[in-house]
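What you see is a predicted model, and the numbers here were worked out from it, not measured in a lab.
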Amino acid sequence: MSHSKARFDFWNICSLILMALFVVFLVYPIGGLLKEAVFFEGRFTLDAFQEFFGKAYYYESIFHSVRIAVCVMAASLILGIPFAYFYSFYRIRGRKVLFVLCLLCTMSAPFIGAYAWILLMGNSGLITVFLKSIGLKGFSIYGFGGIVFVQTLKLFPLVVIYMNGAFRDIDNSLLEAAESMGCKGVERFKRVIMALTMPTILAAALLVFMRSFADFGTPVLIGRGYTTFPVLIYNQYLGENGTNYHFAAAISVIAVLVTAIIFIIQKVASNRFKFTINALHPVEPKKPQGLSGVLMYVFCYLLVGIALLPQIYIVNMSFRNYTNSILKPGYSLVNYQKAMEKMLVRSIRNTLIVSIVTLALIIVIAVLIAYLVVRRNNWFNNMIDTISMMPYIMPGAVIGIALVIAFSKKPFVLTGSLVIMIIALAIRRMPFTSRSATAAMMKVPISVEEAALSLGAPKVTAFVKITVPMMSSGIISGAVLSFVSVITEMSSGVILYNNRTITLTISTYSAISSGIYGVAAVFATITMLLTVICLVIYLKFTKLEDVKM
């Protein structure tokens, strides 16, 4: 009796249900994608791969995407590490506002920055026209340089967020010891501080690389012939010559292999620097002084100011008068009226429904995975954790195509519904929340649960009433940032949406594609407003600098 009870214990049932969900909604679609890539009209063939590697236009898109991602990663580290260092080691005035603005830079939809920079530095952009009027030639926002510029300004705050935590964990006695041995200034920064924070630098570098590699919106708007991998997948799937599932699936498989190789390289590099640091004597921030202090302020505020410029300009553009895409003088609410006719209410409603339901799913599953991995560690639960992390190395377009292939025929026809959008987003954003929930779970002492059980509380009650509340800061931390990334998600949504399931980011993209810039600015502004509300809620519930990405 006791053996069968153990078998049907609540946590064992949870393990089985979670595994079943991941098999149906992740393993099965990815399996279908692989099958679609190597089978055509019922026979095994590698013709799609031969076609891909037979044409320079196709295989060069890999190098384009990797080149962009490497450059964005390097530029983000070059800007983000000094910014985080000044922020953590010096008492900069207005530092809290600076941090909030820094977060806001990274939390807008990926392509909104690209769209705003077109309005500012495109062929007839505000800055371009001004520079021409004074006889100067402006920097072109189109092509490789433009993509790197826009993505760097959006992604460097991720490095800042990661490095803030790492710098706060450095013990001041180590820095004092280095100083007493004559290792000061830049030398101390390079040999001591950088070495101590190397695991975090590598983690931040990987995240920036993955985000840049998977970005669809920025290259599609400003690439101008510089084709990247996600754009190629989208064009093959929804191209002018019709849908080519077979070829799109093959390219998707190659995309997963490329990101998996990068992920493995990062893991190997991280293992060389595997150690933990804990600050018994945290670094006391100093007051910036002299010329170096002035340069610190200039660097931090100028960088955030440039990164925020697109958001400020888009809000301004949403109130400007447009007639047939031509900007007219004056301000009005005409763009908001036009947006109401262009499914604004439906877009907001769908965005909120998809975001809230997705977030609820992510939180419940992430908390259950965290408990199973930390408290009931076995091979089966570790396998669930590993499978849940798979989407970390998959571009959104790949997940979108895999779900379309899996659920576009009977008995499970989900394409064209909000359900498939929710599934795609939950799968895509699960790894981020599950990691922060697991980290929070590790900090909850098991003795607290044991005390509740010894007082007669059932296991589930002890978990819900004691363990979950103690994990709440970690859960809220991961959840709010997941919510923002769900609101601003586009790469999988653009493959899955239709007019009934359209969201704010996709409405923005379709308005830009149709050349209705004023209406696009309205959709972008409302998306940013939702982001700001999330950020305010986040900062209310958590300590300001403890942001988990």
Side-chain angles (χ1 to χ4, degrees), residues 12-46 48-49 214 233-234 236-238 243-257 259-260 263 354 357-358 361-362 364-366 368-369 372-373 379-434 486 489 491-498 501:
N12 289 343
I13 292 167
C14 277
S15 294
L16 291 168
I17 291 170
L18 285 176
M19 181 59 92
L21 286 172
F22 281 119
V23 166
V24 172
F25 294 115
L26 183 56
V27 178
Y28 167 65
I30 297 301
L33 187 77
L34 289 169
K35 187 183 171 190
E36 189 71 42
V38 295
F39 279 89
F40 187 65
E41 294 176 350
R43 62 186 178 82
F44 179 82
T45 175
L46 296 174
F49 293 95
I233 293 170
Y234 176 78
Q236 288 307 313
Y237 175 70
L238 290 171
T243 303
N244 188 347
Y245 279 180
H246 178 54
F247 193 51
I251 302 172
S252 299
V253 169
I254 296 163
V256 173
L257 290 174
T259 48
F263 185 69
V354 168
V357 175
T358 303
L361 266 176
I362 288 174
V364 171
I365 295 172
L368 292 174
I369 290 173
L372 291 169
V373 169
W379 69 270
F380 191 76
N381 291 338
N382 282 328
M383 191 186 282
I384 293 170
D385 187 43
T386 305
I387 293 170
S388 77
M389 285 302 291
M390 276 167 55
Y392 190 76
I393 59 163
M394 291 181 191
V398 173
I399 291 169
I401 290 174
L403 288 170
V404 168
I405 291 169
F407 300 112
S408 58
K409 48 191 179 288
K410 291 179 180 179
F412 300 113
V413 181
L414 297 176
T415 45
S417 68
L418 281 178
V419 173
I420 201 165
M421 304 272 281
I422 290 164
I423 291 166
L425 290 167
I427 287 169
R428 185 134 158 68
R429 295 301 165 195
M430 183 67 65
F432 301 97
T433 310
S434 99
V486 167
E489 169 67 31
S491 52
S492 59
V494 78
I495 280 169
L496 297 168
Y497 89 98
N498 60 25
T501 62

- Message: Angle between ring planes, Phe407 versus Tyr28, binned at 30° and 60°: parallel, tilted or perpendicular?
- Response: perpendicular

- Query: Nearest heavy-atom pair of Gln236 and Phe247: which atoms, and what distance?
  - Reply: OE1-CD2, 3.1 Å

- Are any non-hydrogen side-chain atoms of Met394 and Ile427 less than 4.5 angstrom apart? no

- Query: In Å and rounded to the nearest 0.5 Å, what is the OG to CD1 distance from Ser417 to Ile423?
  - Reply: 7.0 Å

- Could you pull out the closest heavy-atom pair between Ser15 and Leu372, with the gap in Å? OG-CD2, 3.5 Å

- Task: Check the pair Ile365, Phe22 against side chain to side chain contact (heavy atoms under 4.5 Å, CB included), reporting the backbone distance first and the verdict last.
- Result: CA-CA 11 Å; Ile365 295 172; Phe22 281 119; 4.1 Å; yes

- Note on the structure: Between the CD1 atom in Ile420 and the OG1 atom in Thr501, the distance rounded to the nearest 0.5 Å is 9.5 Å

- Note on the structure: Interatomic distance, CG@Leu414 vs CZ@Phe25, rounded to 0.5 Å, equals 6.5 Å

- Check each of Leu361, Leu368, Ile362 against Val364 using the side-chain contact (heavy atoms from CB on, under 4.5 Å) test, and report the only one that passes. Leu368

- Message: So Ile233 and Pro395, do their side chains get closer than 4.5 Å, heavy atoms only?
- Response: no

- Side-chain heavy atoms of Glu36 within contact of Ile401, under 4.5 Å: no

- Query: Does the side chain of Phe380 reach to within under 4.5 Å of the side chain of Asn12, using non-hydrogen atoms?
  - Reply: no

- Validation row: Asp385, Asn381 side chains within 4.5 angstrom (heavy atoms): no

- Message: Nearest 0.5 angstrom please: Ile30 CD1 to Ile399 CD1, how far?
- Response: 6.5 Å

- Message: Counting C-beta onward and ignoring hydrogens, is there a side-chain heavy-atom pair between Met19 and Ile387 closer than 4.5 Å?
- Response: yes

- Nearest 0.5 Å please: distance from the CD1 atom of Ile369 over to the CE atom of Met389. 10.0 Å

- What closest approach, in Å, do Arg428 and Gly396 show between heavy atoms, and which atom pair accounts for it? NE-CA, 3.3 Å

- Would a 4.5 Å heavy-atom cut-off, applied to side chains only, mark Arg429 and Thr358 as touching? no

- Message: Between Thr45 and Val38, is there a side-chain heavy-atom distance shorter than 4.5 Å?
- Response: no

- Message: Test your reading of the model: is there a side-chain donor-acceptor pair from Thr259 to the backbone of Val256, 3.5 Å cut-off?
- Response: yes

- Query: Which heavy-atom pair separates Ala255 from Val398 by the least distance, and what is that distance?
  - Reply: CB-CG2, 4.1 Å

